[in-house]
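The structure under discussion appears below in the form of structure tokens.
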Amino acid sequence: MAASSASVEDLLCPLCCKIYSVPVLLNCGHNICKVCLQKYWEWKGCRECPVCGVETVPGRPPINLQLKIAADEHQVPRMSWTPEVCCFHNEKLSVFCQNDEKPICPVCQASRTHKVHECSPLEEAARQKKIEFSDLLESLKKKLKMLNKTKEQWEKTNNYIQVQASQCEKTIKEEFEKLHLFLQEEENSTVKMLRQEEKMKKQIMCEKLENIKDQIQTLSTTISGIETTLRMKDLPFLHDYKETKKSGKFIVREPECIRDILVNSAKYLGLLKYKVWRKMADVIKHVPVNLDPNTAQSNLKLSEELTCVQYSSQQLLPDNPERCTSRVCVLGAKGFTWGKHSWTVDVGQGKNWYIGVAQESIKRKTAVFLVPTEGFWVIGLVDGDSYWAETTSRFKLVLKQKPEKITVKVDYDRGKVVFINATDLTPIHTFTDRFTERIFPFFSPGLYDETKKSSPLKICPLNIRVELE
């Protein structure tokens, strides 16, 4: 093929539809760009012609030098090409090829390369593509806004983690300081008792020692006098005999056997740790349920030991996935998937509250009803005078006595949640259902305005008994 006789269509690669760059000649007679052919073979997994599908013999296909020269010569005028004019036909770019997604001229549209492609006028295509880009831009802006909002929330969460850890560390140190103080006081008290016993018994021994020293002194003097008399001559001896005999009759008592005079070491060292531990049982409180601050709505204030919750002013808390924002409530820190569990809640004089259990998958960010179909098994007090079991049809409870403490008993395996008046042990209400996932204790102290003081919900501690076997 002579360079002068080559048309633009003859110089286009059938794969990339661009002027050949290092064309190679296949056995079937088709020419393909070397790079395009290598990529095609890698993708296809065999050495077949992209045009006719005929397989090529092994080895490198030869470069079509004549076609390469023609292609190189045709690319020289492209230096003077302008964006509005076709680089191949020097015609105005007035058509847009939807398949190749690029502007072409009418001559390109009529060529075999684009003849079967979907084409449209340039202005129409531009309007359509700008609408596409506008929609895309709007979508990207929304995503950017979402990412910025998430970044802001994550930064707040990151800062809150540090604050939360500092608060926990402070409380931990305070609690251990109380334990250290208790142990220090017990140590001082025990050592004081030891010193008192030491002082008393040393005083007794000192008195005994003084007494025996006096006896020793008196006896020694008597012995010395008798020895002197025995060395005298007969007449002086007999003259002093009567007095000497009288002094020799000094009564010497046998030393007493002093019992229980040593320090009672067993009293102080025997079971020392156990005795201190027994006393600690009166100081340390244990509750079967602790509240989870990471689930608490932002208006709820929890005690440091996480056993009491009440409505308060709003706090700045991260909106983490576990936090309940649709209702003023908090969940227990530990959930159940089996077994029997119970805890007692001191509802006090509260006018509005709800207690019970909730399943892990409850909707925490959107409004829901406190009913079993939504994952709640709770009872509550409304306006201080009416008790309700939040069943599907909402059941009003008739109670003979207003409970101040309510025990919640859960039997997960049998699907029961029982509420009992802890004062007289009378049953209040029983839910029977089938649990299919983890459930958590649920607490809601209700809403209060600024003129009303919030009444807390308290989890009652258990009685600690220390028994030996």
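By convention here, the first residue in the shown sequence is residue 1.
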Does the pair Cys329 and Phe442 meet the rule for a side chain to side chain contact (heavy atoms under 4.5 Å, CB included), with working shown? CA-CA 7 Å; Cys329 64; Phe442 176 89; 3.5 Å; yes
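- The aromatic rings of Phe431 and His429 sit perpendicular, their planes meeting at an angle over 60°, well past the 30° parallel limit.
- Here the side chains of Thr56 and Trp41 are in contact, with some heavy-atom distance below 4.5 Å.
- Atom CG of Leu316 is surrounded by 12 or fewer heavy atoms from other residues, nucleotides or ligands within 6.0 Å.
- Checked against Val345 for a side chain to side chain contact (heavy atoms under 4.5 Å, CB included), the options Leu457, Thr407, Val289 give a single hit: Leu457.
- A 4.5 Å side-chain heavy-atom check between Leu462 and Pro288 finds at least one atom pair inside the cut-off.
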Test salt bridge (charged side-chain N to carboxylate O under 4.0 Å, His left out) on Glu42 and Lys39 and set out the steps. CA-CA 5 Å; Glu42 289 176 2; Lys39 290 181 179 179; over 6 Å; no
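- Annotation for Tyr241: atom OH does not count as buried by contact number, only 12 or fewer foreign heavy atoms lying within 6.0 Å.
- A donor-acceptor pair under 3.5 Å is absent between the side-chain atoms of Ser139 and the main chain of Asp135, judged by distance alone.
- From Lys34, atom NZ reaches atom OG of Ser21 across 10.0 Å, with rounding to the nearest 0.5 Å.
- You'll find the side chain of Leu194 stays beyond 4.5 Å of the side chain of Glu198, heavy atoms only.
- For Lys275, the NZ atom sits in a packed shell: over 12 heavy atoms of surrounding residues, nucleotides or ligands are nearer than 6.0 Å.
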Side chain to side chain contact (heavy atoms under 4.5 Å, CB included), that's the test. Do Val408 and Ile355 meet it? Break it down for me. CA-CA 8 Å; Val408 184; Ile355 59 173; 4.2 Å; yes
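- Within 6.0 Å of the NZ atom in Lys402, the count of heavy atoms belonging to other residues, nucleotides or ligands exceeds 12.
- Inspection of the Ser120 and Gln98 side chains reveals an N or O donor paired with an N or O acceptor under 3.5 Å.
- Residue-environment remark: NZ (Lys156) stays at or below the threshold of 12 foreign heavy atoms within 6.0 Å.
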Side chain to side chain contact (heavy atoms under 4.5 Å, CB included) between Lys151 and Leu147, intermediate numbers included: CA-CA 6 Å; Lys151 172 178 168 289; Leu147 291 176; over 6 Å; no
Would Glu138 and Lys142 count as a salt bridge (charged side-chain N to carboxylate O under 4.0 Å, His left out) here? Give the steps. CA-CA 6 Å; Glu138 192 64 29; Lys142 287 181 180 179; 5.2 Å; no
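- Here Thr426 contributes atom OG1 and Phe419 contributes atom CZ; the two are 14.0 Å apart, rounded to the nearest 0.5 Å.
- Considering Asp433, Thr432, Thr391 in turn, Asp433 is the only one that fulfils the side chain to side chain donor-acceptor pair (under 3.5 Å) rule with Trp377.
- A donor-acceptor pair is defined here as one N or O able to donate and one able to accept, closer than 3.5 Å; no such pair exists between the side chain of Glu390 and the backbone of Phe376.
- Under 3.5 Å, the side chains of Gln401 and Thr423 contain no donor-acceptor pair of N or O atoms.
- Note that the NZ atom of Lys102 and the CZ atom of Phe96 stand 10.5 Å from one another [nearest 0.5 Å].
- Although no hydrogens or angles enter the test, the distance criterion places a donor-acceptor pair under 3.5 Å between the side chain of Asn99 and the main chain of Glu118.
- Taken from CD in Gln315 to CG in Asn299, the straight-line distance is 8.0 Å, to the nearest 0.5 Å.
- In this structure, Lys201 contributes its side chain and Leu262 its backbone to a donor-acceptor pair below 3.5 Å.
- Side-chain contact check for Asn211 and Glu207: no donor-acceptor pair (N or O, by modelled atom type) lies under 3.5 Å.
- For the ring-ring contact (aromatic ring centres under 6.0 Å, His included) test with Tyr412, the passing option among Phe435, Phe336, Phe440 is Phe435; the others fail.
- For Val328 against Ser444, the heavy-atom pair with the smallest separation is O-OG, 2.7 Å.
- Across Val410 and Val357, no two heavy atoms sit closer than the pair CG2-CG1, 3.8 Å.
- Side-chain contact check for Gln359 and Glu374: no donor-acceptor pair (N or O, by modelled atom type) lies under 3.5 Å.
- When atom types are taken as modelled, the side chain of Thr325 and the backbone of Arg364 share a donor-acceptor pair closer than 3.5 angstrom.
- Side-chain atoms of Ser326 and Thr366 form no donor-acceptor pair, as typed in the model, at a separation below 3.5 Å.
- Aromatic ring pairs are classed by plane angle as parallel below 30°, tilted from 30° to 60° and perpendicular above 60°; the pair Trp338 and His341 is perpendicular.
- By the 6.0 Å contact criterion, CD1 on Ile261 is enclosed, its count of non-hydrogen atoms from other residues, nucleotides or ligands being greater than 12.
- Checked for salt-bridge contact, Lys129 and Glu132 meet the test: a charged N lies under 4.0 Å from a carboxylate O.
- Remark: the backbone N or O of Met193 is paired with a side-chain donor or acceptor of Tyr268 at under 3.5 angstrom.
- Heavy atoms of other residues, nucleotides or ligands lying less than 6.0 angstrom from CG of Asp234 number 12 at most.
- Taking CG of Asn421 as the reference point, atom NZ of Lys405 lies at 11.0 Å (rounded to 0.5 Å).
- In summary, Arg127 and Glu124 do not engage in a salt bridge, as defined by a charged side-chain N under 4.0 Å from a carboxylate O.
- In this structure, Cys308 and Lys458 have side chains that are in contact, with non-hydrogen atoms separated by less than 4.5 Å.
- Under a 3.5 Å cut-off, the side chain of Glu304 and the backbone N or O of Thr171 do not form any donor-acceptor pair.
- Smallest separation of non-hydrogen atoms from Asp292 and Ala333: CB-CA, 3.7 Å.
- With hydrogens and angles ignored, the 3.5 Å screen pairs a side-chain donor or acceptor of Asn320 with a backbone N or O of Asn294.
- The closest side-chain heavy-atom distance from Val24 to Arg60 is not below 4.5 Å.
- With respect to Lys409, the side chain to side chain contact (heavy atoms under 4.5 Å, CB included) criterion is satisfied by exactly one of Thr430, Thr344, Val417, Ile420: Ile420.
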Output, in order, the C-alpha distance, side-chain angles, deciding distance and verdict of side-chain hydrogen bond (donor to acceptor under 3.5 Å, both in side chains) for Gln162 and Asn158. CA-CA 7 Å; Gln162 183 177 354; Asn158 188 43; over 6 Å; no
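- Counting only distance, with no hydrogens or angles, the side chain of Asn352 and the backbone of Val382 share no donor-acceptor pair below 3.5 Å.
- A 4.5 Å side-chain heavy-atom check between Leu317 and Tyr160 finds at least one atom pair inside the cut-off.
- Separation of atoms CZ (Arg394) and CG (Leu370) is listed at 9.5 Å; rounding is to 0.5 Å.
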Could you walk me through whether Lys208 and Glu256 pass the side chain to side chain contact (heavy atoms under 4.5 Å, CB included) test, one step at a time? CA-CA 9 Å; Lys208 301 289 185 183; Glu256 66 176 298; 2.3 Å; yes
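- Other residues, nucleotides and ligands place no more than 12 heavy atoms under 6.0 Å from the NZ atom of Lys173.
- Judged by distance alone, with hydrogens and angles left aside, the side-chain atoms of Arg323 form a donor-acceptor pair with the main-chain N or O of Pro293 at under 3.5 Å.
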